Protein chains: 2
Amino acid sequence: MNITTRGQYGVRAVFELAMRYGQGAVPLREVARRQNLPDNYLEQLMGPLRKAGLVRSVRGAQGGYMLARDPAEITVGDVLRVLEGPISPVDCAGGDAGASACCPDGEACTVRSVWVRIRDAVNEVVDSITFEDLRRQELERRSRRGLVYYI
Amino acid sequence: MNITTRGQYGVRAVFELAMRYGQGAVPLREVARRQNLPDNYLEQLMGPLRKAGLVRSVRGAQGGYMLARDPAEITVGDVLRVLEGPISPVDCAGGDAGASACCPDGEACTVRSVWVRIRDAVNEVVDSITFEDLRRQELERRSRRGLVYYI
DNA sequence: GCAAATCCGACCTCTTTGCTTGGATTTAAT
DNA sequence: ATTAAATCCAAGCAAAGAGGTCGGATTTGC
């Protein structure tokens, strides 16, 4: 049970962009520095996120990335699915075709129902958390620590 | 997000032993055949399960494996933890020491709280499902299909 | 024109996964 | 006592995935 660095870094990057939503384009180098991520690698993740319509980019000098829509409209699940594929503990719980590849009993397979329950629990969590939620949580945390300046 | 074949096969093997609980030792070859698993590989998984006290073995001819205790006293989480280690989507959500390795903010890290919520959701599911639950579910399924003989 | 940035694809090393193989040992049945 | 069935144990191994790096092409504000 693990989320690879693709998903982890992607969520951190989008989180950072959410903290700066409405402030224009942020160069990736700065995102990487703030979140302590390898920027060359992070660059690879932005392509899929852009093609999925989660972020927008501005090319050239003074360019960078920004969220394509309001943080309240982007969930952690959106980002993870783009970077990691379908969120499922095993292929056969994928929902559609994989069931019969896994067990001769197909969808009715008793063990498979375990994987389905895990899958559903995880999806419910990640789809219920928006980056607006995380932004508020982070602002709250910072204010408790007396950090007024966010950048 | 994936459970490897170690965990998957292990759960299937213990499930098969749960279906035969009280019937003495079952040779691994038969478990593998019934669950359609590679038996040489499955053999590797039984050592850890035995050392963890989940199954017992009988050596020699007519030997095999059996559950070490009642199916109601063994959860899916027990098996998965033995074969896959701690159930956590990322190392830094491991609970104890990993937090500070992940983010300078340690336990208070906002993004980390996402991983913790995923971790808790998964653990809650796997710890709530016993092999007695699965055994009952399987018997129910078989009776709906008119299959009276279980072996 | 220069410098800062995104884009794109190839490459590369290390680890993990998912097995297989070969034997050593135990034990019931003959 | 032999044999055959089974668990035990350790090593090896090919393929895939993880986690990057690197080099260059392109765009664009100054």
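Residue numbers begin at 1 in each chain, while the letters A, B, ... track the order of the sequences. Since the model is a prediction, treat every value here as computed from it, not as a measurement.
- Atom pair B/D91:CG and D/dA18:P shows a separation of 14 Å (rounding to whole Å applied).
- Along DNA chain C, the stretch of nucleotides lying under 4.0 Å from any heavy atom of chain A spans, 5' to 3', C/dA4 to C/dA10.
- Atom C1' of nucleotide D/dG19 and atom CG of A/L83 are separated by 14 Å, given to the nearest angstrom.
- The stretch residues 6-18 of chain B participates, sequence neighbours left out, in these salt bridge (Lys or Arg N to Asp or Glu O under 4.0 Å) pairs: B/E16-B/R20, B/E16-B/R34.
- In this model, a donor atom of one side chain and an acceptor atom of the other lie less than 3.5 Å apart for B/N123 and B/R81.
- A side-chain donor-acceptor contact under 3.5 Å links A/E84 and A/T4.
- Summarising the geometry, the separation between CG on B/N40 and C1' on D/dA10 is reported as 14 Å, rounded to the nearest angstrom.
- Residues B/V55 and B/M66 have side chains not in contact (no heavy-atom distance under 4.5 Å, counting atoms from C-beta outward).
- Interface residues of residues 1-11 of chain A facing DNA chain D, ordered by number: A/T4, A/T5, A/Y9; criterion, heavy-atom separation under 4.0 Å.
- Linking Ile, Leu, Val, Met, Phe, Trp and Tyr whenever their side-chain heavy atoms come within less than 4.5 Å leaves A/V116 and B/I129 in two separate clusters.
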Evaluate salt bridge (charged side-chain N to carboxylate O under 4.0 Å, His left out) for B/R141 paired with B/E138, printing each intermediate quantity in order. CA-CA 5 Å; B/R141 189 180 77 84; B/E138 175 71 7; 3.2 Å; yes

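- In summary, the side chains of A/S113 and B/Q137 do present a donor paired with an acceptor at a separation below 3.5 Å, with no hydrogens or angles considered.
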Could I get a table of every N or O pair under 3.5 Å where one atom is in the protein and the other is in nucleotides 5-7 of chain D?
residue: D/dA5; atom: N3; partner: B/A61; partner atom: N; Å: 3.4
residue: D/dT7; atom: OP1; partner: B/L28; partner atom: N; Å: 2.7
residue: D/dT7; atom: O3'; partner: B/S57; partner atom: OG; Å: 3.4
residue: D/dT7; atom: O2; partner: B/R59; partner atom: NH2; Å: 3.1

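- Looking at which nucleotide of DNA chain C each of B/E84 and B/Q44 is closest to, the 5′-most match is held by B/E84.
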Would A/E132 and A/R135 count as a salt bridge (charged side-chain N to carboxylate O under 4.0 Å, His left out) if you check the C-alpha gap in whole Å, the side-chain angles of each, and the deciding distance to 0.1 Å? CA-CA 5 Å; A/E132 173 64 15; A/R135 192 180 136 274; 3.0 Å; yes

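- Residue pairs meeting the ring-ring contact (aromatic ring centres under 6.0 Å, His included) criterion with at least one partner in residues 1-20 of chain A, sequence neighbours excluded, are A/Y9-A/Y41.
- Within the structure, the salt bridge (Lys or Arg N to Asp or Glu O under 4.0 Å) test picks out no pair touching residues 53-68 of chain A (sequence neighbours left out).
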